[in-house]
Protein chains: 2
Amino acid sequence: MSAHTTSRRDRLRQATVEEIHVTVRRLLVAQGSAAVTINAVAREMGMSGPALYHYYASHDELVGAVTAGFFRELAETMEQARDAHADAPIGDRLLSVCRAMRAWAIAHPAEFGWIFASPIAPPNRRQDSVRHQAALRFEQVLLDLTVELWQAQPFPVPDLAGLPASLREQLTAYSATIEGRLPPEAAHVFLTCWIRLYGLLCMEVLHQLDFAYTDLEPVFEECLRDLSAKLSLDYSEPPLTEGRRPS
Amino acid sequence: MSAHTTSRRDRLRQATVEEIHVTVRRLLVAQGSAAVTINAVAREMGMSGPALYHYYASHDELVGAVTAGFFRELAETMEQARDAHADAPIGDRLLSVCRAMRAWAIAHPAEFGWIFASPIAPPNRRQDSVRHQAALRFEQVLLDLTVELWQAQPFPVPDLAGLPASLREQLTAYSATIEGRLPPEAAHVFLTCWIRLYGLLCMEVLHQLDFAYTDLEPVFEECLRDLSAKLSLDYSEPPLTEGRRPS
DNA sequence: AAATTTGCTTAGAGCTATTAAGGAAACATA
DNA sequence: TATGTTTCCTTAATAGCTCTAAGCAAATTT
């Protein structure tokens, strides 16, 4: 595992790429997304402007790569929470993955905001492979757990025949894209939960709820309680960590 | 009401301001938010660059003014839906306001996206009076109706003593900022509904659900059905308009 | 040792926001 | 009616941005 697979050049290049990502992130966190310019990043790294084009073909591509990294980090955090207590009941693992998701979002609001709000523009290009791939992995974590739950102890689902035709078709199509791992009715429940969880988080991080709340932790827990009921699994309080006090 | 209150100059200036707003909106819709530059707007209007600074002190201020206009338009649409059938049951009026909100968002995705995703940056300045004022008016519409509902036929609320202390305090504070028009418990129900409605809409418009859905209308209606139950009011199907077919 | 690839440089075109200075027209006033 | 002020717009200029082009120098390959 030495000179053949990874040349010295490759290692240097890799190090530079990582320095770029770190620098972008520092600028984003410290001064907001508008401060993440190619020139500023290069300046911070002590090299001048156009040099960065040897690593990324455009500003958009750089942003896409960094965003993909954020998705990956978030997904890894959630996977760690999933695997930390691999022997725990499926319900507990699901809850702890949800909490890990929020914990990461709260700890990294600028990054999470970027993940969510950056694709205002691109409803078009779908082959944004790097970024799209990472987003898929992120979505996959909760989907996998839900599939596992569905197989171990199926949750209640609505009657497919009772749903509007349009919804039925969409759910069937989605069920197919996940290779039938959930039938359409179960996919519907999963998507409903996903929307509530992710939607709440996005509103929190994008400051849409500041007019009423200063700390959404109890609201999030209530949401989890609600979703637990929907999935007919036992809600259990979050483990007490530093910084959280029982009331 | 002629020459004294509104001079010729004032009218011309007002017309120019409106042309600016129209131009900004056209650029936003046609080419995305990145295309809304001071230079581009001026160019479109046949005047060159710095002239716009006689109307707005900065790019940010221009964006803020236009965003406020979007909020106002959305709020007016909702108010119209509220007042269209002033004699209808409160529940029906609530539902039709919610539907009017989504209809506007769907009809004007770029504008709605701007409303929602633009304040990634400014969690600081709260005296963004123009824009903030308009946002308040928007939020007010559903709050007003909920207050009316609460007074006419109170919906079930949780026991305040059973809520976490932190949440209790935040709800009490919010109840105070709306001058006690809803007690904390009722405010909690209102906010929960608000989060689900607005959150779903934001995710839809910002394309966070494209991976599963192509048309969220049935999902939105299901959400409304759910919220109707929470508020113990009768859910009624949306009126059939052109373009919507019963299945 | 020679040739090629790679990482960087500076120069420059064409955007952008914003400030400064000045001209021309409309308005207000003496 | 003449004079002064206010208002709208212009061009010029600064400083930043993205991105292309041309070229030097060092590292790597042949």
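The model shown is predicted, which means the values in this text are computed figures rather than measured ones. Proteins come first, then strands; the chains are lettered A, B, ... in the order of their sequence lines, and each starts at number 1.
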Atom CE of A/M47 to atom P of C/dT10: distance rounded to whole Å?
12 Å
Interatomic distance where CG belongs to B/L52 and P belongs to C/dT19 [whole Å]:
13 Å
From CE of B/M45 over to C1' of D/dC9, roughly how many Å is that when rounded to an integer?
12 Å
Upstream residue (5' side of DNA chain D) when B/P50 and A/V36 are each assigned their closest nucleotide:
B/P50
Using a 4.0 Å heavy-atom cut-off, does A/Y56 contact any base of the nucleic acid, only the sugar-phosphate backbone, or nothing at all?
nothing
Which whole-number value in Å describes the distance from A/I20 CD1 to C/dG7 P?
11 Å
Interatomic distance, A/R11 CZ vs D/dT28 C1' [rounded to whole Å]:
14 Å
With heavy atoms under 4.0 Å as the rule, sort A/S58 into base, sugar-phosphate or nothing.
sugar-phosphate
Under 30°, 30 to 60°, or over 60°: which ring-plane class applies to A/W104 and A/F70, parallel, tilted or perpendicular?
tilted
Check whether the side chains of A/E73 and A/T77 place a donor and an acceptor atom closer than 3.5 Å, and report yes or no.
no
Does any donor-acceptor pair link the side chain of B/H54 with the base of D/dC8 at a separation under 3.5 Å?
no
Taking A/L171's backbone N and O only, do any of them form a donor-acceptor pair with A/S175's side chain (distance below 3.5 Å, no angle check)?
no
Of the nucleotides D/dT10, D/dC17, D/dC19, which one has an atom closest to the side chain of A/R43?
D/dC17
Check the phosphate of C/dT6 against A/R13, side-chain N and O only, distance under 4.0 Å to OP1 or OP2. Yes or no?
no
Under a 4.5 Å cut-off applied to non-hydrogen side-chain atoms, are A/F190 and A/I178 in contact?
no
Rounded to the nearest Å, what distance is computed from the NE2 atom of residue A/H59 to the C1' atom of nucleotide D/dC19?
12 Å
Side-chain N or O of B/N39 closer than 4.0 Å to phosphate OP1/OP2 of C/dA17:
yes
Rounded off to whole Å, could you give me the CD1-to-C1' distance for the A/I38 and D/dC19 pair?
8 Å
Contact between A/R99 and A/L224 at the side-chain level, heavy atoms closer than 4.5 Å - yes or no?
yes
Under 4.0 Å: is that the gap between some side-chain N or O of B/Y53 and OP1 or OP2 of D/dC9?
no
At less than 4.0 Å, is any side-chain N or O atom of A/T37 found next to OP1 or OP2 of D/dC17? Yes or no.
yes
Could you check how far CG of A/D10 sits from C1' of D/dA27, rounded to whole Å?
13 Å
